[in-house]
Visitor: 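Structure incoming, see below.
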Amino acid sequence: MAATPGQHVEGDRKHPVDETLPPFKMFTSGLQHVAAMYAGVVAPPMIVGPACGLSATETAFLMGASLFTAGIATLLQTLGFWKVGAKLPFVNGVSFAGVTPMVAIGKAQSPGNALPIIFGAVIVAGVLGFFVAPYFSKLVRFFPPVVTGTVITLIGVSLLPVAFNWSQGGNAAAPDYGSLTNIGMAALTFVIVLVLRRTLRGFLQQISILLGLIAGTLIAIPVGITDFSVLAKADVVGFPTPFHFGAPQFDIAAIVSMCIVMLVCMTESTADMLALGKIVGRPADERTIAGGLRADTLGTAVSPLFNGFACSAFAQNIGLVAMTKVRSRFVVATGGLILIVLGLCPIAASVISLVPLPVLGGAGIVLFGSVAASGIQTLSTAALEKGENALIVAAAVGIGLIPIAAPDFYHNFPKDLLVVLDSGISTGCLVAIVLNLLFNHLRAGREGEREASAGLLEDGIPSQRPAEGSSAAGVH
């Protein structure tokens with residue numbers, strides 16, 4: 001049996017990745033993927049929107065746009081064309097990595113200019129990433145777990161203050177900011193999510209955060225902190241108007257910041273593709289990784305046209321594939337179509353905005369804490385006892401925490417630099433990459449040259465010992 005382009009055939013049957021399922025199972029399995037990642041898709045615009053001075057209605061529009069563009073990016077990844085797409089059951093959506101830099105841009109600019117500058121930076125980062133993708137797939141060894149783990153940890157830690165602010169009410173000028181009611185609702189939601197996560201199994205466990213948000217919102221109604229006014233203003237059917245917030249603007253500092261985010265996203269996606277390839281029984285080779293990165297970056301470059309942000313892999317959906325054993329990429333493509341439909345229904349996005357900020361804050365502590373925990377889990381494989389890996393993590397995390405622990409630390413620096421410096425993710429990532437190159441690559445190369453030139457012998461035989469920090473030491 002001949003395979004169609006992008007498909008693999010084992011013997012007389014398709015690889016499970018290329019199989020299609022009956023329509024009902026295809027839909028329900030695709031819906032399950034949407035449910036597992038829905039909260040993660042709408043959370044970034046819920047953070048960035050208010051930071052850029054958007055109203056509740058405009059933020060709801062931004063959430064709908066994020067759902068729509070996540071669907072497009074997922075279709076690019078699963079179905080693909082030409083050399084674009086990993087053609088694996090790979091879910092794409094708005095990356096958390098870009099949230100902190102985008103919030104920094106929002107604070108540094110006037111409300112009317114913030115989003116156009118963000119979108120311009122995202123477009124440039126996506127286009128550059130697209131052309132870099134085939135080369136980046138060859139440079140994976142320069143981004144070992146000591147780097148990726150540090151960056152992922154900083155992503156989670158950098159977002160936790162947002163959850164704490166939500167838990168208090170979100171608006172420091174409001175009279176009820178930090179009230180016992182707000183913090184109590186956040187605490188209750190936090191407990192509900194933990195209990196659901198601990199007691200539920202299977203599909204319900206995967207959507208425990210979503211269920212916790214629903215439960216917290218229902219409890220908040222009689223408490224009086226739920227606002228239904230947004231629903232009255234939302235249309236049943238709509239379309240993410242291209243450049244709804246204005247034509248993109250191109251600011252050098254913002255572009256540099258988002259290019260760093262793109263690098264982080266590509267690093268995360270590469271790691272996720274390697275993991276997913278093992279799970280589905282189709283190891284991700286260099287060609288697959290290059291195609292997947294092209295899909296990531298093309299989806300990122302196209303997203304701002306429809307008011308979306310940078311896209312990358314959603315790791316929670318990889319766990320869902322491992323748990324359900326449903327390996328078909330067409331199931332995930334169905335989930336992408338569902339996301340597009342949801343993005344075309346503004347009232348559906350508006351329903352999410354009904355969630356009171358204290359409720360979102362309680363769930364956000366678990367959600368963002370889980371991101372940090374994933375980073376720590378990655379660091380556990382980074383051989384911190386080898387060479388200077390522990391020092392790399394210490395320095396990168398220390399620098400990355402400066403904007404969180406001391407927000408005004410860089411207040412005397414040039415304004416253009418603040419977009420990068422005020423993002424702990426960006427600064428921490430740069431420090432981790434540079435130190436890893438210095439300690440685990442350049443030094444190893446110099447030591448290898450010295451041994452070769454000196455002709456070191458062990459019992460009369462030229463030394464074959466790997467230099468400290470080489471791949472034999474487990475750092476590449």
Side-chain angles (χ1 to χ4, degrees), residues 44 47-48 51 95-105 107-108 121 125 129 136 139-140 142-164 253-272 310 312 315 367-384 387-411 413 416-441 475:
I47 301 171
V48 176
S95 173
F96 274 110
V99 171
T100 304
M102 288 190 293
V103 168
I105 294 171
K107 291 179 178 179
F136 188 91
L139 301 176
V140 179
F142 293 105
F143 300 90
V146 70
V147 174
T148 56
T150 299
V151 173
I152 296 171
T153 301
L154 283 172
I155 291 171
V157 173
S158 296
L159 290 173
L160 279 172
V162 176
F164 301 150
I255 288 172
V256 170
S257 183
M258 293 312 299
C259 282
I260 293 173
V261 168
M262 195 73 260
L263 182 67
V264 173
C265 291
M266 293 170 74
T267 303
E268 291 177 1
S269 290
T270 298
D272 288 335
S312 68
L367 180 62
F368 303 151
S370 296
V371 177
S374 296
I376 295 171
Q377 186 176 13
T378 301
L379 285 174
S380 69
T381 67
L384 296 183
E388 308 294 345
N389 283 350
L391 182 61
I392 293 172
V393 176
V397 170
I399 296 297
L401 286 177
I402 288 176
I404 303 171
D408 297 325
F409 187 85
Y410 299 111
H411 72 280
F413 281 63
D416 289 342
L417 290 179
L418 294 182
V419 175
V420 176
L421 295 176
D422 280 346
S423 168
I425 299 169
S426 299
T427 53
C429 179
L430 287 173
V431 171
I433 291 172
V434 171
L435 292 184
N436 179 62
L437 286 172
L438 290 175
F439 294 158
N440 291 331
H441 288 269
V475 297

Visitor: Between CD1 of I399 and CZ of F409, what distance do you get to the nearest 0.5 Å?
Guide: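 Output value for this atom pair is 7.5 Å.
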Visitor: Within the side chain of N389, is there an N or O that forms a donor-acceptor pair under 3.5 Å with the backbone of A382?
Guide: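 Such a contact is found between N389 side chain and A382 backbone.
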Visitor: Could you state the interatomic distance from CG (L154) to OG1 (T427), rounded to the nearest 0.5 Å?
Guide: 7.5 Å
Visitor: With side-chain contact (heavy atoms from CB on, under 4.5 Å) as the test, would you mind laying out the steps for N440 and I392 before giving the verdict?
Guide: CA-CA 10 Å; N440 291 331; I392 293 172; 3.6 Å; yes
Visitor: What's the shortest heavy-atom distance between P44 and V99, and which atoms?
Guide: CB-CG2, 3.6 Å
Visitor: Nearest heavy-atom pair of G400 and I404: which atoms, and what distance?
Guide: O-CD1, 4.3 Å
Visitor: Of all the heavy-atom pairs spanning M266 and G129, show the shortest one and how long it is.
Guide: CE-O, 3.8 Å
Visitor: Please round to the nearest 0.5 Å and tell me the distance separating atom CG of D408 and atom CD1 of I402.
Guide: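 These two atoms lie 13.0 Å from each other.
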Visitor: State, to 0.1 Å, how close V393 and L384 come at their nearest heavy-atom pair, and which atoms those are.
Guide: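 Smallest interatomic distance, heavy atoms only, reads CG2-CD2, 3.8 Å.
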Visitor: Which distance, rounded to the nearest 0.5 Å, do you find between the CG of L435 and the CD of E388?
Guide: 10.0 Å
Visitor: If I take atom CD1 from residue I260 and atom CG from residue L263, how far apart are they, to the nearest 0.5 angstrom?
Guide: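 Answer for the CD1-CG pair, I260 versus L263, is 8.0 Å.
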Visitor: Is the side chain of S257 donor-acceptor paired with the backbone N or O of A253 at a distance under 3.5 Å, no angle test?
Guide: no
Visitor: To the nearest 0.5 angstrom, please state how far the CE atom of M262 sits from the OG atom of S312.
Guide: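 Output value for this atom pair is 7.0 Å.
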